[in-house]
Amino acid sequence: MTRRDALREVESLLQHAGVGEPSADAGILVEDALGLTRSALRLSGHLPLGSDAARSLEVSVGRRLAREPVFRIIGRREFWGLDLAIDAAVLDPRPDTETIVSAALRALSSRRTEPLRILDLGTGSGAILLALLTELPGATGLGIDVSDAACAMARANVAACGMSDRAEIRQGVWTDRLSGRFDLIVSNPPYIETAVIDTLDPEVRQHDPRLALDGGPDGLDAYRTICPAVPAILADGGVVVFEIGAGQASDVSRLIEQSGMTMIRTERDLGGHDRALVAGWPTQPPETCPLGTWPPGP
């Protein structure tokens, strides 16, 4: 069997099994088994597959047919141009989450060279934090996650991206025991309603960590905890960017405004869905500012 034959056979198997995007997944699995890029595979498609690659591919295809996501099978995912490692402890960072990065950069467009302090709550693989640090050369960042295993994965990615001198990963529960002020706070918290999780595709419900999915009965538990705590740690002129789920924009916006901040705008993802909420301090001091005084101190 040639490499090109293997690619066609894997695609056919995935297609008949009803796996989404069989062509793309087949290409990724064959590339990984051979250790080749897509262009190299295309140029060498006439060559034999090889016994070692065939055995590796057989295992990987079996896992994909069992509905394990393709990027979990190969153990890595591209995000904002970064090649990040992922494992069972962290979410597989989706392209839609890049909306958080672009929204934050847009909000800080006039400050991109400043020595900003970034806080990423629920950092997981560290994807959002690392993407921001690549675009904000003077910034430093802190990633917080409740999972020790997720923190270990994030630290590995920080090191692999050469960011160990600019990023710290710390185990913790949201903003508990944090001190100082941050210019940018980002978070992709769990926001799926508990009852909905078991209805999701098997790629999600069986392989994404439930801790990173379950947002409580209405999906808003994490926002109810984070929003009131943000004013105590958000610097003057600071920006907050949340990822949200479908239909949550108005509810999370209300929680933001109840905390003493103001909504700046909503950003849509590649599919045209509301995906990110951008907020910050109002231009005028609110009558009451929870957890702090106006303006925030240094």
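Residue numbers start at 1 and run along the sequence shown. No experiment lies behind these values; they were computed from the predicted model shown.
- Within 6.0 Å of CG in L178 there are more than 12 heavy atoms belonging to other residues, nucleotides or ligands.
- Here the closest non-hydrogen pair linking T194 and R210 is O-NH2, 3.8 Å.
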Can you list, pair by pair, the side-chain donor-acceptor contacts under 3.5 Å of residues 45-60, counting residues two or more places apart and other chains?
unit_1 : atom_1 : unit_2 : atom_2 : d
D52    : OD1    : R55    : NH2    : 2.4
S60    : OG     : S56    : O      : 3.2

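- With E9 contributing its side chain and A6 its backbone, the two residues share no donor-acceptor pair below 3.5 Å.
- Across all non-hydrogen atoms, the minimal contact from V186 to A104 is CG1-CB, 4.5 Å.
- Other residues, nucleotides and ligands place no more than 12 heavy atoms under 6.0 Å from the CD atom of E21.
- Evaluation of the ring-ring contact (aromatic ring centres under 6.0 Å, His included) test over residues 120-168, restricted to residues two or more places apart or in two chains, returns none.
- The closest donor-acceptor contact from the side chain of R4 to the backbone of R8 lies at 3.5 Å or more, if one exists at all.
- Residues forming a salt bridge (charged side-chain N to carboxylate O under 4.0 Å, His left out) with R72 (at least two apart in sequence, or on another chain): D208.
- Following chains of ILVMFWY side-chain contacts shorter than 4.5 Å, one can reach V70 starting from L36, so the two form part of one hydrophobic cluster.
- Annotation: the span from M163 atom CE to C161 atom SG amounts to 6.5 Å, rounded to 0.5 Å.
- Put simply, the side chain of D201 never gets that close to the backbone of E203: no donor and acceptor are under 3.5 Å apart.
- Among pairs with a residue in residues 221-232, those fulfilling salt bridge (Lys or Arg N to Asp or Glu O under 4.0 Å) read D218-R224, D221-R224, at least two apart in sequence or across chains.
- Between the OG atom of S187 and the CD1 atom of I100 there is a distance of 9.0 Å, given to the nearest 0.5 Å.
- Across P115 and D183, no two heavy atoms sit closer than the pair O-OD2, 4.3 Å.
- The salt bridge (charged side-chain N to carboxylate O under 4.0 Å, His left out) test applied to R268 returns D274, not counting sequence neighbours.
- Between E114 and R111 there is a salt bridge, with a side-chain nitrogen of the basic residue lying less than 4.0 Å from a carboxylate oxygen of the acidic one.
- A chain of hydrophobic side-chain contacts below 4.5 Å, direct or via other Ile, Leu, Val, Met, Phe, Trp or Tyr residues, connects W281 to V230.
- Annotation: side chain of R76 is not in contact with side chain of L84 (no heavy-atom distance under 4.5 Å).
- Using a 4.5 Å cut-off between side-chain heavy atoms of Ile, Leu, Val, Met, Phe, Trp and Tyr, with links allowed through other members, I244 and L213 fall into the same hydrophobic cluster.
- Looking at W80, its side chain never comes within 3.5 Å of a backbone N or O of T134 through a donor-acceptor pair.
- Using modelled atom types, no side-chain atom of E267 and backbone atom of A276 make a donor-acceptor pair closer than 3.5 Å.
- Between P95 and F79, the closest side-chain pair of non-hydrogen atoms is not below 4.5 Å.
- Residues I144 and L211 fall within the same hydrophobic cluster, defined by Ile, Leu, Val, Met, Phe, Trp and Tyr side chains chained together at heavy-atom separations under 4.5 Å.
- No side-chain donor from either of T99 and D96 sits under 3.5 Å from a side-chain acceptor of the other.
- For R42, the salt bridge (charged side-chain N to carboxylate O under 4.0 Å, His left out) test picks out no residue, with sequence neighbours left out.
- Pairs engaging residues 139-168 under the salt bridge (Lys or Arg N to Asp or Glu O under 4.0 Å) rule: E168-R170 [sequence neighbours left out].
- Judged by distance alone, with hydrogens and angles left aside, the side-chain atoms of S253 form a donor-acceptor pair with the main-chain N or O of A249 at under 3.5 Å.
- Using modelled atom types, one side-chain atom of S44 and one backbone atom of A40 make a donor-acceptor pair closer than 3.5 Å.
- Closest approach of R205 and D198 over heavy atoms only: CD-O, 3.6 Å.
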Starting from the C-alpha separation in whole Å, work towards a yes-or-no answer on side chain to side chain contact (heavy atoms under 4.5 Å, CB included) for D214 and I192.
-> CA-CA 5 Å; D214 194 342; I192 298 176; over 6 Å; no
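- Grouping the Ile, Leu, Val, Met, Phe, Trp and Tyr side chains by contacts below 4.5 angstrom, directly or via other members, places I264 apart from L119.
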Only distances under 3.5 Å count here; give the side-chain donor-acceptor pairs of residues 120-133 to other protein atoms, sequence neighbours excluded, each with its distance to 0.1 Å.
unit_1 : atom_1 : unit_2 : atom_2 : d
D120   : OD2    : T123   : OG1    : 2.8
S125   : OG     : A127   : N      : 3.4

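- The ring pair (Phe, Tyr, Trp, His ring centres under 6.0 Å) search around Y191 returns none, not counting sequence neighbours.
- Note that NE2 of H207 is 8.0 Å distant from CD1 of I73, once rounded to the nearest 0.5 Å.
- Closest heavy-atom contact between A222 and W174: CB-CZ2, 3.8 Å.
- Partners of R77 by salt bridge (charged side-chain N to carboxylate O under 4.0 Å, His left out), not counting sequence neighbours, listed by chain and number: D92.
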Give the C-alpha distance, both sets of side-chain angles, the deciding distance and a yes or no for side chain to side chain contact (heavy atoms under 4.5 Å, CB included) between V240 and I256.
-> CA-CA 9 Å; V240 182; I256 287 170; over 6 Å; no
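- Of all non-hydrogen atoms in V241 and A103, the two that sit nearest each other are CG1-CB, 4.2 Å.
- Taking CG from L142 and CZ from F182, the interatomic distance works out to 5.0 Å, rounded to the nearest 0.5 Å.
- Here CG of L234 is found 12.0 Å from CZ of R117. Values are rounded to the nearest 0.5 Å.
- Between E31 and T37 the shortest side-chain heavy-atom distance does not fall below 4.5 Å.
- Electrostatic pairing of R94 and D269 does not count as a salt bridge here, judged by no charged N lying under 4.0 Å from a carboxylate O.
- Rounding to the nearest 0.5 Å places CG of L184 at 7.5 Å from CG of L136.
- Screening residues 240-252 for salt bridge (Lys or Arg N to Asp or Glu O under 4.0 Å), with sequence neighbours left out, gives E243-R275, D251-R254.
- Residue pairs meeting the ring-ring contact (aromatic ring centres under 6.0 Å, His included) criterion with at least one partner in residues 227-263, sequence neighbours excluded, are Y223-F242.
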